[in-house]
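A quick write-up on the structure given underneath.
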Amino acid sequence: MKNSGSKAVRPKMDRADRAKQFMPFDALKGFQEALREKEKICVPRRSLSEEERVRLDRKLAGIRKTDMVETEYFQDGEYVRVKGMVSGINRQEGWLQVVNTRIAFENIAELKLQE
């Protein structure tokens, strides 16, 4: 056996495998998400006055599919705003769908029809 003193040649690594070496490593899976969840400030749900409820019910009665709306609703301890086209509404089951977000009527705090 002859020792030429040269280094052993490894097969060339493809680009995808090379790129994986430099990707960030998350040793604590889900830790960042848990931190974000802890940082979230939960707010109590507001109750609408009778007048506000009547006004909201009137707006919901007039909403049609393809209308552009902006709504604020309560979800998981916070108020969320969504703006977009009404892609579905079910008055019997009590929900409104704006793009891909389905919102129960009872969670809606504010609703504006966009002109």
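- Here Arg102 pairs with nothing under the salt bridge (charged side-chain N to carboxylate O under 4.0 Å, His left out) rule; sequence neighbours left out.
- With sequence neighbours left out, Gln92 forms a side chain to side chain contact (heavy atoms under 4.5 Å, CB included) with Asn90.
- With side-chain heavy atoms closer than 4.5 Å counting as contact, directly or through intermediates, the hydrophobic cluster containing Val43 also holds Phe74, Tyr79.
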**OP:** Let me see the working for Ile89 and Phe105 under side-chain contact (heavy atoms from CB on, under 4.5 Å), right down to the final yes or no.
**Re:** CA-CA 10 Å; Ile89 186 165; Phe105 287 171; 4.1 Å; yes
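- Under the 4.5 angstrom side-chain criterion for Ile, Leu, Val, Met, Phe, Trp and Tyr, the cluster partners of Met85 are Met68.
- Scored by the salt bridge (charged side-chain N to carboxylate O under 4.0 Å, His left out) test, Glu106 finds no partners at all (sequence neighbours excluded).
- Using a 4.5 Å heavy-atom cutoff, the side chains of Val82 and Ile103 are in contact.
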Contacts table for residues 53-65: side-chain donor-acceptor under 3.5 angstrom, sequence neighbours left out:
from: Arg55; atom 1: NH2; to: Glu51; atom 2: OE2; distance (Å): 2.7
from: Lys59; atom 1: NZ; to: Leu111; atom 2: O; distance (Å): 2.9
from: Arg64; atom 1: NH1; to: Ala61; atom 2: O; distance (Å): 3.2

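- Partners of Arg10 according to the salt bridge (charged side-chain N to carboxylate O under 4.0 Å, His left out) rule, which considers only residues two or more places apart in sequence or in another chain, do not exist here.
- Under the 4.0 Å criterion applied to side-chain N and carboxylate O atoms, Arg81 and Glu110 are assigned as salt-bridge partners.
- Applying the ring pair (Phe, Tyr, Trp, His ring centres under 6.0 Å) test to Tyr73 and every residue at least two apart in sequence or in another chain returns nothing.
- Residues that satisfy the salt bridge (charged side-chain N to carboxylate O under 4.0 Å, His left out) test with Glu52, not counting sequence neighbours, are absent from this structure.
- The side chain to side chain contact (heavy atoms under 4.5 Å, CB included) check on Asp14 picks up Ala16, Asp17, with sequence neighbours excluded.
- A pairwise comparison of heavy atoms in Val99 and Ser87 identifies O-OG, 2.5 Å as the closest pair.
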